[in-house]
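First up is the structure itself, then whatever we jot down about it.
Owing to the predicted nature of the structure, the values given are computational and were not obtained by experimental measurement. Ligands are counted one by one from 1 in listed order, and the atoms in each one are counted from 1 as well.
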Amino acid sequence: MQIVILETPEQVANYGADQISQQITSKPTSVLGLATGSTPVALYQELISRFRAGKITFSQVTTFNLDEYLGLDAEHPQSYRYFMNENLFDQVNIDPANTHLPSGTSINPIAECDAYESKLSEAGGVDLQLLGLGQNGHIGFNEPTSSLGSRTRIKTLTPETIKANSRFFSEGEFQPTLAITMGIGTIMESNRIVLLATGAAKAGAVVDMIEGPIAARCPASILQMHPNATVILDRDAARGLKNGSFFEMIEVKNQQLLRNRLGYSD
Ligand code: GLP
């Protein structure tokens, strides 16, 4: 795991946007795995700015999102399809036909999960998967005790996740308690993983993910087994780490190596 600790959420968004920009520039036909939630919004805004400035293009990019609420259709403002259209797809030159999310209103949701896995493998798998982190260590909607080898399936959300996400729903509005999510095994097949976490509310989950044992009680801890995972944190999210200064020292060295490779001298 590469651990990058930065000062602010803005720096986290920029660093994450750099990873995605490099990916789609070096391979214009990249398959991106995308995430929802508050954390990636600033990263998506940065990608939109770079697109408008002519620095990156999404013309040949394909995307697969991690998850979708069961029971919300694409027009529902709290559906993840709606979120992605608003926050990224409608503002860049991606072909809408190349953007994929599980359907929240399929007549047969179990078949929908299998079909999503098939579409993903037909596309050649994910080149770079972007992840956020739940306060309880979930990735996608893989809640604690999810099988670490799981595939795309229906999951029941925990009361704490429902509470954490209730801020997006108005009082009395139907809030789903079920979702379709890529499995942990599915996520782990991505060639590269970039996880963003910002804010003090994530500090406990960050410690469990990076310094805790690999355990289903913290689904994100499985990233310790991934050969190419980068975790980008702001200072608040990183504040519980015992080895924080060690990670910062390594990142300084990584940046020096990168500059030397690019021909800059310190
Ligand atoms: C939801 C999503 C996750 C996301 C998490 C954290 O539960 N299914 O993919 O990582 O929220 O969201 P936020 O970034 O808003 O804290």
Just wondering, are more than 12 heavy atoms of other shown residues or ligands nearer than 6.0 Å to NZ in Lys55? no
Pairwise, report which nitrogen or oxygen atoms of ligand 1 are under 3.5 angstrom from protein nitrogen or oxygen atoms, and how far apart they are.
from	atom 1	to	atom 2	distance (Å)
ligand 1	7 (O)	His138	NE2	2.9
ligand 1	7 (O)	Asn165	ND2	3.3
ligand 1	8 (N)	Asp67	OD2	2.8
ligand 1	8 (N)	Gly140	O	3.2
ligand 1	10 (O)	Leu133	N	3.4
ligand 1	14 (O)	Ser38	N	3.3
ligand 1	14 (O)	Thr39	N	3.0
ligand 1	14 (O)	Thr39	OG1	2.5
ligand 1	15 (O)	Ser38	N	2.7
ligand 1	15 (O)	Ser38	OG	3.2
ligand 1	15 (O)	Arg167	NH2	2.7
ligand 1	16 (O)	Lys202	NZ	2.6

Which residues share a side chain to side chain donor-acceptor pair (under 3.5 Å) with Thr198, sequence neighbours left out: none
With sequence neighbours excluded, residues passing side chain to side chain donor-acceptor pair (under 3.5 Å) with Gln19: Arg192
Run the side-chain contact (heavy atoms from CB on, under 4.5 Å) test against Ala203 and tell me which residues pass, sequence neighbours left out. Arg239
Flag side-chain contact, heavy atom, 4.5 Å: Pro219 against Phe141: no
Examine the side chains of Glu112 and Ser103 and answer whether a donor and an acceptor come within less than 3.5 Å of each other. no
